[in-house]
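Remarks on the structure that follows.
First the proteins, then the strands, lettered A, B, ... as listed; each starts at 1.
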Amino acid sequence: MKQELERAVASSVKDLFDIKMAIELTRPDEQFGDYATNVALQLAKQIGQNPRQIAEAIRTHLLSLQGEALQKIEVAGPGFLNLTLSDRALIMAASEQAPKSLVGKVVVAEYSDPNPFKVLHAGHLYTSVVGDAIANLLQNAGATVHRVNFGGDVGLHVGKTIWAILNDLGGEIPDKLADIPESERSEWMAKCYVAGTNAYEDDETAKIKIIELNKQIYQINNEADHDSPLAQIYWTCRQWSYDYFDAFYARIGTKFEKYYPESSVAGLGLKTVQEQLEKGVFERSDGAVVFKGEPYSLHTRVFINHEGIPTYESKDVGLIMQKWVDYHFDRSVVITGNEQKQYMAVVLKAVEQFEPKLVAATSHLTHGLVKLVGGVKMSSRKGNILRAVDVLDAAASADQELTGHGSESTVLGAVKYAFLRVRMGGDIIYDPTESVSLEGNSGPYLQYAHARARSILAKAKVEGVEIKDLQPGERSLLRKISEFPEVIQQATTDLMPHYICTYLYELAQTFNRFYENNRVIGDDREPTRLNLVGKYAMTLKNGLNLLGIVAPERM
RNA sequence: GCGCCCGUAGCUCAGCUGGAUAGAGCGUUGGUUUCCGGUACCAAAGGUCGUAGGUUCGAAUCCUAUCGGGCGCACCA
């Protein structure tokens, strides 16, 4: 409906003034109508006429084009055109679906990116939630979406953990791993990481040993060693990490198709950078291989260090190339913390020199830190950083306190919504109590709104009645419902799921206002109103599902 | 020093491809009960949109400067 109207306005402008322009209709305040446009204001200068006169001319012309669909067109204020749909057109609009603009497209979505041998922290939970919602949006638009994960299975943090593991096992004795009960593996490894980190800082001999272990682990990877005792411990524990990640993702209702361990892309990255070094994209500097970012208002970064070892930069190059080899994507979305923004800009600029199409297809989104309200100081050295489970636990205990009986779907709904409702980029101040509340702008409020609507429907038989002759409250609700496809589309093109949150909350408010003043069951208009409640419940459910939040039938 | 991000009501945040009186939730104050899940609805109070300039018919939104906070700037990830 919106598109048709936009085309109609555009052709009015073309017919009247012989000017081609793209029209963007907006959703004004309800008092003004269903759609609005400021074309007349924009044209005023070009044409040199009074904007209100222009608006009047468009109005007349538009009525002749779209008389059926429009109940009225008004010229208001300095020259806005306010369009009000006929009931018939509004009813049609409310049944429309968001356009499937990405059918046939392949998208790779990379997010979460935890490191094996370390715990999942709050930031991992955040990207998992937001990344999942973004992936859902793209999928909803028809794309084939591949959710992938990247993480460091080599590097100093691995050396630290392995050092403590060896300490705990009493040496390079892989058989002793069998003594660790399955349920305690992830906890145990997390403890080992903390112990290793502390030892690295406090104990000079341990530090030397850790550095040595780190090199050995690189060797294990390079030589694909699966036999030596150390290698057996490394591979087993690495797998334990992936099992732990999988279990956590399953708990929050997401799933990754593939893990790209850093070790698996380092080779391709190194090879690529070396090739491009010869072609002049990279250059040597102080024994290292660097990309000079300054010509592009960026900074210089090292891709291969003076020992010939690929740095993180090269691994990211390898990752981009490997994703291309694996998927031949039309679009690639990468989500990381804000601190990687300028770093990634350099990597992408470097790759752009030899694979511009891959970079053109890539969007790098970044996010801030997750902090608990009240700002408890966390020391990563002691290992008491805010872990992913801490966030979930905080929500669970707030839920328990509020309701007396915890519910996992409420807890997940609460946390996910709290993360998703704000625009990505800034830090998240997470308030467990507020997130779990059934009052106000929260996930559980929307879940409850859905359950309530479903319970109305359960009490009566919904028949396929035609909606017509809308009363004001009914019209407001339907008008709000009709916005949904537009909101989805906007959220999808901007990769901003928070638009969905804002919308769903407004929708629930609109419904509650309607429901407060209009009886459904037992009213003369029961069939029509039940039909509206059905559409409303469906919209809420679809919206919540896009966000990765379950919409329960009852709660 | 250079660069990036952020600064909107007491708190947490929308609004930022420039437009009609700057919105919501929480909190505060006061209402509503013919109540289909009142875990709701209505209303009030509360804002120099960090500050100062500029562009524009029109700026929270664009530009410049400045203050405050966070982050990043070569062989870590």
Going from CZ on A:R452 to CG on A:L540, what distance comes out if it is rounded to the nearest 0.5 angstrom?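 Going from the CZ atom of A:R452 to the CG atom of A:L540 covers 11.5 Å.
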Interface residues of residues 520-535 of chain A with RNA chain B (non-hydrogen, below 4.0 angstrom):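 Going residue by residue through residues 520-535 of chain A, the ones with a heavy atom under 4.0 Å of RNA chain B turn out to be A:V520, A:I521.
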Contact list please: residues 340-351 of chain A against RNA chain B, heavy atoms, distance less than 4.0 Å, in numerical order.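 By residue number: A:K341, A:Q342, A:Y343.
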Identify the heavy atoms of [X] and [Y] that sit nearest to each other, and give their distance.
X      : Y      : value
A:S314 : A:P310 : CB-CB, 3.7 Å
A:D34  : A:R475 : OD2-NH2, 2.9 Å
A:L544 : A:A551 : CD1-CB, 3.9 Å

In terms of relative ring orientation, are A:F117 and A:Y234 parallel, tilted or perpendicular, with 30° and 60° separating the classes?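 Aromatic pair A:F117/A:Y234 classed parallel.
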Does any non-hydrogen side-chain atom of A:L125 lie less than 4.5 Å from one of A:R387?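 The answer is no, as the side chains (C-beta and beyond) never meet within the 4.5 Å cut-off.
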A:T272 side chain reached by A:V351 side chain, heavy atoms, under 4.5 Å: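 No. Closest side-chain heavy atoms not under 4.5 Å.
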Polar atoms only, N or O, under 3.5 Å: list the protein pairs with nucleotides 59-64 of chain B and their distances.
none

Atom [atom1], compared across [N] and [M]: separation rounded to whole Å:
N      : M      : atom1 : result
B:rU56 : B:rU61 : P     : 16 Å
B:rC11 : B:rG54 : C1'   : 34 Å
B:rC26 : B:rU64 : C1'   : 38 Å
B:rC6  : B:rC42 : C1'   : 36 Å
B:rC73 : B:rG58 : P     : 43 Å
B:rC49 : B:rA60 : C1'   : 5 Å
B:rG25 : B:rC35 : C1'   : 24 Å
B:rG23 : B:rU66 : C1'   : 29 Å

Side chains of A:Y35 and A:R27: do they bring a donor and an acceptor to under 3.5 Å?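 Yes, side-chain donor-acceptor contact under 3.5 Å.
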With a 3.5 Å distance limit and no angle check, can you tell me whether [X] reaches the backbone of [Y] through a side-chain donor-acceptor pair?
X      : Y      : value
A:E474 : A:Q471 : yes
A:E526 : A:G522 : yes
A:T410 : A:G406 : no
A:T311 : A:V302 : yes
A:E6   : A:E24  : no

Taking only N and O in the side chain of A:R513, is any of them less than 4.0 Å away from OP1 or OP2 of B:rC42?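 True: A:R513 side-chain N/O within range (under 4.0 Å) of B:rC42 OP1/OP2.
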Quick one: is A:N512 getting a side-chain N or O under 4.0 Å of the B:rC41 phosphate, OP1 or OP2?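 It does, given that an N or O in the side chain of A:N512 lies less than 4.0 Å from OP1 or OP2 of B:rC41.
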Quickly work out the [X] [atom1] to [N] [atom2] distance and round it to whole Å.
X      : N      : atom1 : atom2 : result
A:L504 : B:rA24 : CG    : P     : 18 Å
A:E439 : B:rA40 : CD    : C1'   : 9 Å
A:L319 : B:rA77 : CG    : P     : 15 Å

Taking only residues two or more places apart in sequence, or in another chain, which ones meet [X] in a ring pair (Phe, Tyr, Trp, His ring centres under 6.0 Å)?
X      : value
A:Y445 : A:Y505
A:H121 : A:H124
A:H367 : A:Y126

Pick base, sugar-phosphate or nothing for [X], based on heavy-atom distances below 4.0 Å to the nucleic acid.
X      : value
A:Q509 : sugar-phosphate
A:Q447 : nothing
A:D427 : sugar-phosphate
A:N518 : base
A:S455 : base
A:H306 : base
A:S285 : base

Taking only residues two or more places apart in sequence or in another chain, which ones pass side chain to side chain donor-acceptor pair (under 3.5 Å) with [X]?
X      : result
A:K480 : A:E483, A:E506
A:K2   : none
A:Q400 : none

Would you mind telling me which residue lines up with the more 5' stretch of RNA chain B, A:R452 or A:E313, judged by nearest nucleotide?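 On the 5' side of the pair lies A:R452.
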Specify the residue among A:R301 and A:L438 whose closest nucleotide of RNA chain B lies further upstream toward the 5′ end.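 Closer to the 5' end of RNA chain B: A:L438.
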Report, one pair per line, the protein and nucleotides 14-20 of chain B atoms (nitrogen or oxygen only) whose separation is under 3.5 Å.
{"unit_1": "B:rA14", "atom_1": "OP1", "unit_2": "A:R423", "atom_2": "N", "d": "2.6"}
{"unit_1": "B:rG15", "atom_1": "OP1", "unit_2": "A:R423", "atom_2": "NH1", "d": "3.1"}
{"unit_1": "B:rG15", "atom_1": "OP1", "unit_2": "A:H498", "atom_2": "NE2", "d": "2.7"}
{"unit_1": "B:rG15", "atom_1": "OP2", "unit_2": "A:R423", "atom_2": "NH1", "d": "3.4"}
{"unit_1": "B:rG19", "atom_1": "N7", "unit_2": "A:N38", "atom_2": "ND2", "d": "2.8"}
{"unit_1": "B:rA20", "atom_1": "N6", "unit_2": "A:N82", "atom_2": "OD1", "d": "2.8"}
{"unit_1": "B:rA20", "atom_1": "N1", "unit_2": "A:N82", "atom_2": "OD1", "d": "3.2"}
{"unit_1": "B:rA20", "atom_1": "N1", "unit_2": "A:N82", "atom_2": "ND2", "d": "2.9"}

Range-with-range stems for RNA chain B, at least three Watson-Crick or G-U pairs under 3.5 Å: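 Consecutive-pair runs (3 or more) involving RNA chain B: B:1-7 with B:67-73, B:10-13 with B:23-26, B:28-32 with B:40-44, B:50-54 with B:62-66.
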Could you walk me through whether A:Y536 and A:F511 pass the ring-ring contact (aromatic ring centres under 6.0 Å, His included) test, one step at a time? CA-CA 8 Å; A:Y536 159 70; A:F511 176 79; 4.0 Å; yes
Counting side-chain heavy atoms from C-beta on, which of [options] comes nearest to [X]?
X      : options                : result
A:Y448 : B:rU12, B:rU39, B:rC36 : B:rU39
A:E262 : B:rC36, B:rA77, B:rC73 : B:rA77
A:N441 : B:rA74, B:rA77, B:rG25 : B:rG25
A:Y505 : B:rA77, B:rC36, B:rA24 : B:rA24
A:I429 : B:rU12, B:rC26, B:rA24 : B:rU12

Is the A:F80 to A:F32 ring centre distance short of 6.0 Å?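 When the ring centroids of A:F80 and A:F32 are compared, they turn out to be at least 6.0 Å apart.
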Below 3.5 Å is the cut-off: list the nitrogen or oxygen pairs between protein and nucleotides 29-35 of chain B, distance only.
none

Would you say A:Y515 stacks on B:rC36, if stacking means ring centres under 5.5 Å apart and planes within less than 30 degrees?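 It does: the two rings, one from A:Y515 and one from B:rC36, meet the stacking criterion.
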